[in-house]
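For the numbers below, each heavy atom of this structure counts, side chains included, while hydrogens, waters and symmetry mates do not. Here the structure is a predicted model, which is why all the values come from computation and not from measurement. In the text below, chain A, chain B and the rest are named by the order of the sequence lines, each starting its count at 1.
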There are 2 protein chains.
Amino acid sequence: MAATHELSVSKEKSSPKKIHKDLEKELIKDVLGLVETYPRVPITVDCVIFGFDENSLKVLLIRSDLEIYKGKWSLLGDFAKDSEDLDEAAARVLKERTGMDDVYLEQVRTFSTPGRHPGGRVLTVAYCSLLNIAHHQLKILDNEIHWHDFKSLKEKDLAFDHKLILDNCIQWLQKRMMEHPLGINLLPTKFSLRKLQSLYESILDRQMDRRNFRKKFFAMNFLIDTGEMETDVPHRPGKLYKFDFKKYEQNKRRWTGIDF
Amino acid sequence: MAATHELSVSKEKSSPKKIHKDLEKELIKDVLGLVETYPRVPITVDCVIFGFDENSLKVLLIRSDLEIYKGKWSLLGDFAKDSEDLDEAAARVLKERTGMDDVYLEQVRTFSTPGRHPGGRVLTVAYCSLLNIAHHQLKILDNEIHWHDFKSLKEKDLAFDHKLILDNCIQWLQKRMMEHPLGINLLPTKFSLRKLQSLYESILDRQMDRRNFRKKFFAMNFLIDTGEMETDVPHRPGKLYKFDFKKYEQNKRRWTGIDF
DNA sequence: AAAATAATATGTATATCAAACACATTATAT
DNA sequence: ATATAATGTGTTTGATATACATATTATTTT
């Protein structure tokens, strides 16, 4: 079987592997040369880390590293390394900035407006996560990193186009919250229904009926009564529940949404 | 007012503009220098163009330009130019490949797995659109560009990770179809309810009850009876409707979803 | 021409679910 | 003891999804 045949019918398994490999190497060399001629862009990832504490939604921000944005707040971002998947890059950046590990990050959107970065064209891919502040201690505290009340950000100046990115991420988060009970991750293992509701109210930014909220969540059958009660509340204590993650994982495929 | 003050309180409007500008130029120079030190990646955009014809969902593909993918089908993609917003890049690529203009493209997701491109690390941003095949003639026919039946793609070999990209895009499309009656764009101006239903059935890939489908769509109040009937059908002709785009635009903010 | 066929057009009954609202219960504070 | 404020548990009503029934109209077959 000749090499020319190999070229046209590259699937053929009976052909000699050596010739096939040699040809492939040639072709890759061609593609490498081609790719080299195209413009290249620096890529960053930006992590939008949402948390929940004291009845309000928070976002993790740092002081910008750049002199030009001195005093302004910034998302947790950095340049992607060569040959690094951006999912990995986001996880690495988060770890470098906070010391946090095992955080589930999800890609939200890529921002490419020319002029979005003062240092020339820089493309950024936004990643988002939701986590329980109490379960994820900040092990590194450089650049004044800390949790900001989400509502307070309206008055604050953010570096780059990070306000736009945040805006996209909060909308993404609200949509996700309607589709899956992600919010559970923002609460302690045991929580009262009031805490659960105020979590949803904070993120979805609207009030809900206490009784209907309760009914809807119980109907999902993902709440387990721990038998315990709240303590240290200045009123009648409520029952404490935990979330049945196992049951949720088994049923989430059939899940159509929460529909608040 | 000294320059040092200018540095710390850059918002101050009373300070001399010239010094401010000079300082800003300095800072930008610094940032430019910093950005230059970071790795750069070639960026492509890939357009996933869905269309609908003869009762089935189609996708626009071309033969791959690359010798290494000879014979394989590929999405409409190309490298992004310097200082080009990726939204523009996607529109440009689509125009270059098909001659089509005025196509609304939406960003779906960025793919960054190292090794996804044989020519080294290349990042791609997928854009998606839905259009009426009859209203958008292909003015350029290079690389055997043509509409492929979506179902037939399961057996076909695609270049790069384009199967993965397509998979993401069809899921994105299905979700969008539930949220907004996008499918209308895939039909002629006047259409029968049967055509509308088979469109939804094709894209959502499941059968629906004819009577309930009708009821649900009528309940939206976006269909206008044209008074005309189907012609050239081998059975009782149905009424022809058109879509009230104006009314839809006015009400879509309050739109919660189609919920089939 | 009459009957069979196949699709359109319209309607009904039932179960499910969301929204609004009423009331009893139980802890804390006065 | 009483007021207060939150929890816990319904009930009612209206809207909507689902399943199913029947009449209508054009085409095709006999």
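- Checked against side chain to side chain contact (heavy atoms under 4.5 Å, CB included), A:Ile140 has the following partners two or more places apart in sequence or in another chain: A:Asp142.
- Residue B:Arg214 contributes atom CZ, which lies 16 Å from atom C1' of C:dT12 at whole-angstrom precision.
- One atom, CG of B:Asn55, and another, P of C:dA7, lie 12 Å apart when rounded to the nearest Å.
- A side-chain N or O of B:Thr124 and one of B:Thr44 form a donor-acceptor pair less than 3.5 Å apart.
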Check nucleotides 28-30 of chain D against the protein and report each pair of N or O atoms closer than 3.5 Å, with its distance, or say if there are none.
none

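- Across the protein-nucleic acid pair, A:Leu193 atom CG and C:dT25 atom P stand 20 Å apart, rounded to whole Å.
- Checked against salt bridge (charged side-chain N to carboxylate O under 4.0 Å, His left out), A:Lys242 has no partners two or more places apart in sequence or in another chain.
- Between the CG atom of B:Asn212 and the P atom of C:dT14 there is a distance of 16 Å, given to the nearest Å.
- The distance between atom CZ of B:Phe218 and atom C1' of C:dT8, rounded to the nearest whole Å, is 11 Å.
- One interatomic measurement links the two molecules: CZ of B:Phe213 to P of C:dT10, which rounds to 15 Å at whole-angstrom precision.
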Which protein N or O atoms sit under 3.5 Å from an N or O of nucleotides 21-23 of chain D?
| unit_1 | atom_1 | unit_2 | atom_2 | d |
| --- | --- | --- | --- | --- |
| D:dA21 | N7 | B:Arg211 | NH1 | 2.6 |
| D:dA21 | N6 | B:Arg211 | NE | 3.3 |
| D:dA21 | N6 | B:Arg211 | NH1 | 2.8 |

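- Not counting sequence neighbours, the partners of A:Glu106 by the salt bridge (charged side-chain N to carboxylate O under 4.0 Å, His left out) test are A:Arg176.
- Ranked by how close their nearest DNA chain C nucleotide is to the 5' end, A:Pro237 and B:Lys239 are led by B:Lys239.
- With hydrogens and angles disregarded, a donor-acceptor distance shorter than 3.5 Å links the side chain of A:Arg63 to the backbone of A:Gly71.
- Every residue was checked against the salt bridge (charged side-chain N to carboxylate O under 4.0 Å, His left out) condition with B:Lys195, not counting sequence neighbours, and none meets it.
- Within the 4.0 Å cut-off from OP1 or OP2 of C:dA7, not a single side-chain nitrogen or oxygen of B:Arg194 is found.
- For A:Lys95, the side chain to side chain contact (heavy atoms under 4.5 Å, CB included) partners at least two apart in sequence or on another chain are A:Asp101.
- Across the interface with DNA chain C, nearest-nucleotide mapping of A:Lys215 and A:His235 shows A:Lys215 to be the residue nearer the 5′ end.
- Contact annotation: A:Lys216 side-chain N/O to C:dA19 OP1/OP2 distance is under 4.0 Å.
- The CD-P distance, from A:Glu230 to D:dA6, rounds to 12 Å in whole Å.
- The nearest heavy atom of DNA chain D to A:Gly238 and to B:Met229 marks one nucleotide each, and the one closer to the 5' end goes with A:Gly238.
- Among residue pairs with one or both ends in residues 181-192 of chain A, those qualifying as salt bridge (charged side-chain N to carboxylate O under 4.0 Å, His left out) are A:Lys190-A:Glu228; sequence neighbours excluded.
- Taking atom CG of residue B:Asp209 and atom C1' of nucleotide C:dT10, one finds them 13 Å apart after rounding to whole Å.
- Among residues two or more places apart in sequence or in another chain, the side chain to side chain contact (heavy atoms under 4.5 Å, CB included) test is passed with A:Asp225 by A:Lys239, A:Tyr241.
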